[in-house]
There are 2 protein chains.
Amino acid sequence: MTLLEKKVQIFKALAHPVRLGIVEKLAEGERCVCDIAEWFDCDRTTISKHLSILKNAGIIADRKEGLKVNYSLRLTCILPVLECVEGKLLDNLRKEFESCCGMAREDLKTSGGIENA
Amino acid sequence: MTLLEKKVQIFKALAHPVRLGIVEKLAEGERCVCDIAEWFDCDRTTISKHLSILKNAGIIADRKEGLKVNYSLRLTCILPVLECVEGKLLDNLRKEFESCCGMAREDLKTSGGIENA
DNA sequence: TTCCTATATGGCAATATAGGCACATATGCA
DNA sequence: TGCATATGTGCCTATATTGCCATATAGGAA
């Protein structure tokens, strides 16, 4: 597997709402599969498979503790890009809102926005 | 489309060798479709679709210039994660090599490596 | 206008991914 | 040992993605 293919594997692993959700939650700390499964409305075996995909990509690590398996974030350097992307997306939304509703930035800052539009 | 879905769209767009290659190359500067198409061994219509996917995700921007269309990187904050991921992957490879061939780090540093193994 | 070049789009077949069910495995307890 | 709980895997169908071809659109030149 080439370096490019490995990088693609990482992005593929992140390219799913459940898996990205898992990564964002694991940023807060290690969790067992039982906890992770409760965050989403889908079969436990589906969660197992998503965790396996994230683990194979090197994004998370597992640690056995008795019957339970705990997963934690390993590739922490993906967190800054998540923040940045979120910032850009919110910025775009704000700009769209302003141009659509014709409100100046100053208005937004002083009035608080939507309820005065 | 929720924020999570938008983020997933971005990672989906990056989760393809040709598209990730385009992004990495565009980091060096703006290029026309004609240039981009020459980097890869596939149909021009395929390249067009890949560019469209990257554009819809907000990763690249297009600029018309006569007959040609120039594309450039817009979401530059994905570059650091690419570097970091590449660094981690290379680090893993180095560790695997060392443990597999039983070489100490000092040996690698002073001898230069493979030819003395 | 007509022709040419650059790029984009619709359709389709091949391939890949997703998710649930049944089942397998692993660990702890009695 | 036998049983219960936590997690993982194989198989299957539904859905999504990929990439090429044919075709469409857009801009420039004659």
Side-chain angles (χ1 to χ4, degrees), chain A residues 1-2 4-23 25-26 29-74, chain B residues 1-2 4-23 25-26 29-74:
Chain A
M1 207 183 216
T2 68
L4 180 66
E5 285 169 333
K6 288 237 178 209
K7 284 187 276 188
V8 165
Q9 187 190 14
I10 289 170
F11 287 117
K12 269 199 170 112
L14 296 171
H16 187 287
V18 168
R19 293 196 295 264
L20 192 57
I22 291 172
V23 166
K25 288 268 203 173
L26 285 185
E30 189 186 59
R31 287 295 157 86
C32 69
V33 180
C34 48
D35 287 340
I36 296 169
E38 289 191 353
W39 301 334
F40 306 96
D41 182 30
C42 64
D43 200 277
R44 302 221 153 194
T45 68
T46 302
I47 296 291
S48 260
K49 282 182 192 172
H50 284 314
L51 289 169
S52 162
I53 288 168
L54 287 168
K55 186 186 155 192
N56 281 330
I59 296 168
I60 60 177
D62 60 344
R63 185 176 67 82
K64 295 202 81 166
E65 194 177 21
L67 269 178
K68 298 189 174 179
V69 178
N70 295 300
Y71 282 91
S72 57
L73 198 59
R74 202 161 94 95
Chain B
M1 205 182 218
T2 68
L4 180 67
E5 285 170 334
K6 288 238 178 209
K7 283 187 277 188
V8 165
Q9 187 189 15
I10 289 170
F11 287 117
K12 269 200 168 108
L14 296 171
H16 188 286
V18 168
R19 293 196 295 264
L20 192 57
I22 290 172
V23 167
K25 289 268 203 174
L26 284 186
E30 188 186 61
R31 287 296 157 83
C32 69
V33 179
C34 47
D35 287 339
I36 296 169
E38 289 192 353
W39 300 334
F40 306 95
D41 182 30
C42 64
D43 201 277
R44 302 221 152 194
T45 70
T46 301
I47 295 291
S48 262
K49 282 187 186 169
H50 283 314
L51 289 169
S52 163
I53 288 168
L54 287 168
K55 186 186 157 192
N56 281 330
I59 297 169
I60 60 176
D62 60 343
R63 186 176 66 82
K64 296 202 79 165
E65 194 177 22
L67 269 178
K68 299 191 174 178
V69 178
N70 295 300
Y71 282 91
S72 57
L73 198 58
R74 202 160 94 94

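Heavy atoms only: backbone and side chains are in, while hydrogens, waters and symmetry mates are out. Naming: A, B, ... by sequence-line order, numbering from 1 per chain.
Checking the phosphate oxygens (OP1, OP2) of D:dG8, a side-chain nitrogen or oxygen of A:Ser48 falls inside 4.0 Å. Taking 4.0 angstrom as the limit, B:Tyr71 places a side-chain polar atom (N or O) nearer than this to OP1 or OP2 of C:dA8. Regarding contacts with the backbone of D:dT18, every side-chain N or O of B:His50 stays at 4.0 angstrom or more from both OP1 and OP2.
Under the 4.5 Å side-chain criterion, counting only non-hydrogen atoms from C-beta, A:Arg31 is in contact with A:Trp39. Within the 4.5 Å cutoff, no side-chain heavy atoms of A:Ile10 are placed close to those of B:Leu14. Between A:Arg44 and A:Cys34 there is a side-chain heavy-atom pair separated by less than 4.5 Å. Two residues are said to be in side-chain contact when any heavy atoms from C-beta on lie closer than 4.5 Å; A:Asn70 and A:Asp62 fail this criterion. A heavy-atom distance below 4.5 Å is found between the side chains of A:Ile36 and A:Leu26.
Taking each heavy atom of A:Gln9 and A:Asn56 in turn, the nearest pair found is NE2-O, 3.5 Å. In terms of heavy-atom proximity, B:Ala15 sits nearest to A:Phe11 at CB-C, 3.7 Å.
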Letter per nucleotide, 5' to 3', of nucleotides 10-16 of chain D [B base touched, S only sugar-phosphate touched, - untouched; heavy atoms, 4.0 Å]: BB-----

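A distance-only check finds no donor-acceptor pair linking the side chain of B:Arg74 to the backbone of B:Lys55 [under 3.5 Å].
To the nearest 0.5 Å, atoms CD1 (B:Ile60) and NE2 (B:His50) are separated by 11.5 Å. The line from CG of A:Leu51 to CD1 of A:Ile22 is 4.5 Å long, rounded to the nearest 0.5 Å. Summarising the geometry, atom CG belonging to B:Leu20 is positioned 11.5 Å from atom CD belonging to A:Glu5; distances are rounded to the nearest 0.5 Å.
When the P atom of D:dT17 is taken as reference, atom CZ of A:Phe11 falls 18 Å away, rounded to whole Å. Between the CD1 atom of B:Ile47 and the P atom of C:dT7 there is a distance of 11 Å, given to the nearest Å. Per the geometry, CG belonging to A:Asn70 stands 15 Å off C1' belonging to C:dA26, to the nearest Å.
For the segment residues 30-44 of chain B, residues with any heavy atom less than 4.0 angstrom from an atom of DNA chain D are, sorted by number, B:Cys42, B:Asp43. Across residues 52-64 of chain A, not one residue has a non-hydrogen atom less than 4.0 Å from an atom of DNA chain D.
In terms of position on DNA chain C, the residue among A:Leu67 and B:Leu51 whose nearest nucleotide sits closer to the 5' end is B:Leu51.
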